[in-house]
Protein chains: 2
Amino acid sequence: MAKGGNDSKDPLPGGGWQAPWKELFEGCSSEALNMIARAKSDGRKVRAGQEIFGPGRRPGGVCLLDDGWVSLYSLLPDGRRQILHFALPGAVLDFGPVLRANAAYGAQALTDAVVSLLPQEALDGLSRSHPEVGLRLAQVMSSDRSLSYDHLTSVGRRSARERVAHLLLELFVRARAQWPCHRVAELNLPLTQAHIGEATALTGVHVNRVLRELRNDGIVGFHYRRLTILDPDRLIDVSGIDPQLAVGWGKPDAIDE
Amino acid sequence: MAKGGNDSKDPLPGGGWQAPWKELFEGCSSEALNMIARAKSDGRKVRAGQEIFGPGRRPGGVCLLDDGWVSLYSLLPDGRRQILHFALPGAVLDFGPVLRANAAYGAQALTDAVVSLLPQEALDGLSRSHPEVGLRLAQVMSSDRSLSYDHLTSVGRRSARERVAHLLLELFVRARAQWPCHRVAELNLPLTQAHIGEATALTGVHVNRVLRELRNDGIVGFHYRRLTILDPDRLIDVSGIDPQLAVGWGKPDAIDE
DNA sequence: CGACCTATTGAAGGCGTTCAAGTCCAGTGG
DNA sequence: CCACTGGACTTGAACGCCTTCAATAGGTCG
């Protein structure tokens, strides 16, 4: 298993590792899960930094992230780069059959990662015999859409300080939901400040300045890939999240217990 | 039928009007379409400017846009507003069952509009008897995700000039795909410059300046809700779209024939 | 004709960028 | 153990795109 967001990679003491794609298809019948297990390709191992698929090149089928961190990004002709999403295990990196192939994005591994492919035909057959699979995928895609809307709001309307705070909080909450064993307010993120800049549409230089401020203010620290939540309440405040909504977000009110 | 993006609202001379949600479920069996027609609520009429659902308030089920233009937007606690998407007839405004309710967005009618609701239970049953429906919805949600990624790239990395050009081109292409009867390089958009600003994360004032530039340069004009493509090739160029990708986008190379 | 929204244009200011030095840290090989 | 090396981080100063504030013109509908 690749180096994930936390230190002990094995939540289940018995060594049993819950395959992330089973969480993805949570709620589907065990028979369906078996069919998926048979239909999906064996995990392709990718080294940290490697490209999984390039902008424009679509793998044929549903591309699943089995392990590791991956960034989805888009590239403008002149080289400008925008990180669209930090994908965690269980994410759908690409959903093959696109209607009008408008946006073309690529996927790059941030850590050593494992990806697998569920071919188009397999998905069609699977969906016929187990209809809940298709609906579940629609839910997941809808959830991704919402998260993307959230990023768009951040990049469009929030200040640099708010953007960085918001991203760190989001990553913290998502990573903790993925690996719930750790309760401490610390986390290893496989990111550089430049990555944060590419995701928030800021320069690495400015991200650095903002991080210094946030650390000096005792809100959140990020030093050499280690994230530390110093003051959860003020972090939520700075992030510009409606406190009411923070609950649905998985408000980290118990992170330092 | 509400005032749409073009002047003659009735593409089919016989008066037959293809219900947009049938395009949404394109590829599904006619039996499935009949079931959908029965299950979905009668279209609720909404006046221009009215709110369809507010940020946070989710309608229970799949919310479909039957007619008119609608903007999806998010609202920050202090009132800052970001338009996330301009929805056209056939769009899924909201896909009820969300996993982790992260982003909360609202929907507001730009023109008089008609929306209907496909209740959760109906969707579950429908998906069981007609599995292609779930998969189709997953495709549509995935396509929405891609489009949102495209907007994120625009707001994050493109200059004001590029952003405005890109948005106008996108709206032109999407509207023309929706109402293919018109071949002229003109289109009525039910938008103000302030709307364009809220979508591109610019002030209305600056949008105005950019529009003047683009008009003076003979690239694209937008005056009192009427969009005119003056130079398609240079518009594509300014938009910062990879020309190769513009093809998949539905390159408007025949707009002035 | 008057009220109101939308569009237009100018001037000043700010947030983040760009450019350019540095410093810190981990890994490598002597 | 220590010098060497390269990537990531840090900090300062000047610049620029876009914002903000403010005032005017234009178009539409009662």
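Reminder, nothing fancy here: chain letters follow the sequence lines and each chain counts from 1. Quick note: numbers below take in every heavy atom, side chains included, and nothing from hydrogens, waters or symmetry partners.
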Problem - A/T203 side-chain N/O to C/dG16 phosphate OP1/OP2 under 4.0 Å - result: no
Practice task
Using distance alone, with no hydrogens and no angle criterion, decide if B/H195 and B/T192 have a side-chain donor and acceptor under 3.5 Å apart.
Solution key: yes
Handout entry: Spacing of B/R157 atom CZ relative to C/dT17 atom C1', expressed in whole Å
Key = 11 Å
Handout entry: Heavy-atom check, side chain of B/F53 versus side chain of B/C63, under 4.5 Å
Key = yes
Practice task
Indicate whether any N or O donor in one side chain lies under 3.5 Å from an N or O acceptor in the other, for B/R157 and B/T153.
Solution key: no
Problem - Distance, rounded to the nearest Å, where A/E213 contributes CD and C/dG16 contributes P - result: 9 Å
Report each atom pair, protein N/O against N/O of nucleotides 6-10 of chain C, whose distance is under 3.5 angstrom.
unit_1 : atom_1 : unit_2 : atom_2 : d
C/dA7  : OP2    : B/Q193 : N      : 3.0
C/dT8  : OP1    : B/H223 : ND1    : 3.2
C/dT8  : OP1    : B/H223 : NE2    : 3.4
C/dT8  : OP2    : B/Q193 : NE2    : 2.7
C/dT8  : OP2    : B/N208 : ND2    : 2.8
C/dT8  : O5'    : B/N208 : ND2    : 3.3
C/dT9  : OP2    : B/R212 : NE     : 2.8
C/dG10 : N7     : B/R209 : NH1    : 3.3

Practice task
Considering only NZ, NE, NH1 and NH2 on the basic side and carboxylate oxygens on the acidic side, decide whether B/R161 and B/D237 come within less than 4.0 Å.
Solution key: no
Problem - Neighbour count >12 (heavy atoms, 6.0 Å) for atom CG, B/D78 - result: yes
Problem - d(CZ, B/R163; P, D/dC17) in whole Å - result: 13 Å
Handout entry: Value in whole Å for how far the P atom of D/dT10 lies from CG of A/L202
Key = 15 Å
Practice task
State, with a plain yes or no, whether a side-chain heavy atom of B/V210 is found less than 4.5 Å away from one of B/R163.
Solution key: no
